[in-house]
Amino acid sequence: LMASGTGLKHVLHELIRTVEAYAPEVRGSIFLVDFKRERLRLGAAPSLPDSFNLAVDRTPIRMGVGCCGTAAFTGKRTIAKKIASHPYWESARDLAAGAGLEACWSEPIYSSDREVLGTFAFYLSEPRGPVQEEIELITQSADIAGIAIERDRAERAMRVNTVLQQMRIEVLHMQKEDDWFGVCLCFLRELRKVVSFNKGSISLIDLIAGQHTTYHFHEGKMLTETFDEVPSSLRQVVATGIPLYRRNRQDIDAHLDRVEPEIMCVVDVPFQGGSLAINALEEYAFAAEEIAVVEQFATVLSEAYRRLQ
């Protein structure tokens, strides 16, 4: 699977399925360390209930926060032979019980240079610890997962660098003001190659005039809209120079943004002259590393804006 260029999520999914076929009493779960190394994001857990997966996604990497949060923090295998009485599961015992989980063994996933990339957990429906054969299985499984994650990171970095280089070439070819439309279209098209999102837009913001002009791609055309006000979210992005991530609908509504009701999260990333925004139809859709990629695009977009000026 790894040699065929299959996506990481599918590779991890199939790895867990293979482990579960070999050890039917086990249900597997793989977490990935996020870009800021603060939380664990769910990579794959095909046999666990969706309600459980949703609840444990974004687990803090801290001592005593479940088996996986602890394993990622310490870099050591963490075993809860009986979840119902284990102190690390105090705040999530009912959640585990509701999913029929009685024991959890979590193995840190390492890179080739011994950086913790995530965790591989085995869950069981009976309270017990692992035997030697099971320890070997979880260790080998974590090693395979580490190879897959490292390969995916390297391929992703290569794709991002290639796309950014293409964008810089487009910017260098800007000759007149009308070329800005083509550059905006190219930015949104190329960004979609490396970050998954629903819709994207580029806004030029004039705080003095209290206006902003937004460019977005819709049904094969680049549309332009000019507004006689600047929303508080865009004002904040321009003023702070820091990306604004509204992770859920509550965050969106708190900023009084006029966003379609089906949009569940929005990221605005500043560039010189405005903001580059993407949105998604599900909450918490963007990981920190994806926002970092958008920031790289915004840096090149600043170069385009300076040529426009």
**Request:** If the plane angle is over 60° it's perpendicular, under 30° parallel, otherwise tilted; pick one for Phe271 and Trp180.
**Result:** tilted

**Fill in**
Here the gap from Leu185 atom CG to Leu223 atom CG, rounded to the nearest 0.5 Å, amounts to 11.0 Å

**Message:** Restricting to non-hydrogen atoms, name the atom on Arg153 and the atom on Val33 that form the minimum distance, rounded to 0.1 Å.
**Reply:** NH2-O, 4.0 Å

**Message:** Quick check: do Phe197 and Val267 have side-chain heavy atoms less than 4.5 Å from each other?
**Reply:** no

**Asked** Once the angle between the rings of Phe122 and Phe120 is folded into 0 to 90°, is it parallel (under 30°), tilted (30 to 60°) or perpendicular (over 60°)?
**Response** perpendicular

**Message:** Do Arg39 and Pro60 make a side-chain contact, defined as non-hydrogen atoms from C-beta onward lying under 4.5 Å apart?
**Reply:** yes

**Donor-acceptor pair, side chain of Asp57 and main chain of Leu42, under 3.5 angstrom** = yes

**Message:** Would a single hydrophobic cluster contain both Ile144 and Leu32, if residues Ile, Leu, Val, Met, Phe, Trp and Tyr are joined by side-chain heavy-atom contacts under 4.5 Å?
**Reply:** yes

**Asked** Any side-chain heavy atom of Phe286 within less than 4.5 Å of one from Arg247?
**Response** no

**Request:** Kindly work out whether a path of hydrophobic side-chain contacts (I/L/V/M/F/W/Y, heavy atoms less than 4.5 Å apart) joins Val194 to Val300.
**Result:** yes

**Message:** Could you tell me if the side chain of Val259 sits less than 4.5 Å from the side chain of Arg249, heavy atoms only?
**Reply:** yes

**Complete:** Nearest heavy-atom contact between Leu276 and Ala298 is CD2-N, 4.2 Å

**Request:** Decide, yes or no, whether a salt bridge links Asp34 with Arg58 under the criterion of side-chain N to carboxylate O below 4.0 Å.
**Result:** no

**Any Ile16 side-chain heavy atom under 4.5 Å of Ser47 side chain** = no

**Request:** Kindly state each residue pair satisfying side-chain hydrogen bond (donor to acceptor under 3.5 Å, both in side chains) with at least one member in residues 99-125, sequence neighbours excluded.
**Result:** Arg37-Glu115, Arg77-Glu107, Ser111-Asp113, Ser112-Glu150

**Message:** Checking the side chain of His212 only, and the main-chain atoms of Glu229 only, is there a donor and an acceptor separated by less than 3.5 Å?
**Reply:** yes

**Fill in**
CE of Met63 to OG1 of Thr70, rounded to nearest 0.5 Å, is 5.5 Å

**Prompt:** Side chains of Met167 and Leu191: does their closest heavy-atom pair fall under 4.5 Å?
**Reply:** no

**Any donor-acceptor pair under 3.5 Å from Arg17 side chain to Leu12 backbone** = no

**Complete:** For Val116 and Gly75 the tightest heavy-atom approach is CG2-CA, 4.2 Å

**Prompt:** Donor-acceptor pair, Ser232 side chain versus His255 backbone, under 3.5 Å?
**Reply:** yes

**Request:** Output, in order, the C-alpha distance, side-chain angles, deciding distance and verdict of side-chain contact (heavy atoms from CB on, under 4.5 Å) for His173 and Glu170.
**Result:** CA-CA 5 Å; His173 287 164; Glu170 291 289 332; 5.6 Å; no

**Message:** So, taking the atom named CD1 in Ile263 and the one named CD in Glu282, what distance separates them when rounded to the nearest 0.5 Å?
**Reply:** 9.5 Å

**Prompt:** Would you call Tyr215 and Leu188 a side-chain contact if the rule is heavy atoms closer than 4.5 Å?
**Reply:** no

**Request:** Give, for atom CZ of Arg41 and atom CD1 of Ile30, the distance between the pair rounded to the nearest 0.5 Å.
**Result:** 15.5 Å

**Whether Ser29 side chain and Arg27 backbone form a donor-acceptor pair below 3.5 Å** = no

**Asked** Which heavy-atom pair separates Leu40 from Gly69 by the least distance, and what is that distance?
**Response** CD1-N, 3.8 Å

**Item:** Minimum-distance pair of heavy atoms, taken over all atoms of Pro46 and His13
**Value:** CB-CE1, 3.1 Å

**Request:** Examine distances only and state if a side-chain atom of Asn161 and a backbone atom of Ala157 form a donor-acceptor pair shorter than 3.5 Å.
**Result:** yes

**Message:** Can a donor-acceptor pair be found, under 3.5 Å and without considering hydrogens, that links the side chain of Asp268 to the backbone of Leu244?
**Reply:** no

**Prompt:** Atom CZ in Phe187, atom CG in Leu301: separation rounded to 0.5 Å?
**Reply:** 4.5 Å

**Complete:** All heavy atoms of Thr214 vs all of Ser203, minimum pair found to be OG1-OG, 2.9 Å

**Transitive ILVMFWY side-chain link Leu48 to Val56, under 4.5 Å** = yes

**Message:** Could you see if Leu204 belongs to whatever hydrophobic cluster contains Val269? Use Ile, Leu, Val, Met, Phe, Trp, Tyr and a side-chain cutoff under 4.5 Å.
**Reply:** yes

**Val171 and Arg307, any side-chain heavy atoms less than 4.5 Å apart** = yes

**Asked** Any donor-acceptor pair under 3.5 Å linking the side chain of Thr213 with the backbone of Thr226?
**Response** no

**Item:** N/O donor-acceptor pair under 3.5 Å between Arg93 side chain and His86 backbone
**Value:** yes

**Request:** Group every Ile, Leu, Val, Met, Phe, Trp and Tyr by side-chain heavy-atom contacts under 4.5 Å, then state whether Val238 and Leu308 land in the same group.
**Result:** no

**Prompt:** Going from CG on Leu164 to CZ on Arg168, what distance comes out if it is rounded to the nearest 0.5 angstrom?
**Reply:** 5.5 Å

**Message:** Is it true that, when you exclude Gln250 itself, more than 12 heavy atoms of the residues, nucleotides or ligands shown sit nearer than 6.0 Å to its CD?
**Reply:** no

Please table the atom pairs, donor to acceptor, closer than 3.5 Å between any side-chain atom in residues 130-138 and protein atoms at least two apart or in another chain.
from	atom 1	to	atom 2	distance (Å)
Glu133	OE2	Tyr22	OH	3.0
Glu134	OE1	Arg128	NH1	3.0
Glu134	OE1	Val131	N	2.9
Glu134	OE2	Arg128	NH1	3.4
Glu134	OE2	Arg128	NH2	2.7

**Prompt:** Does Lys193 come within less than 4.0 Å of Glu190, counting only side-chain N to carboxylate O?
**Reply:** yes

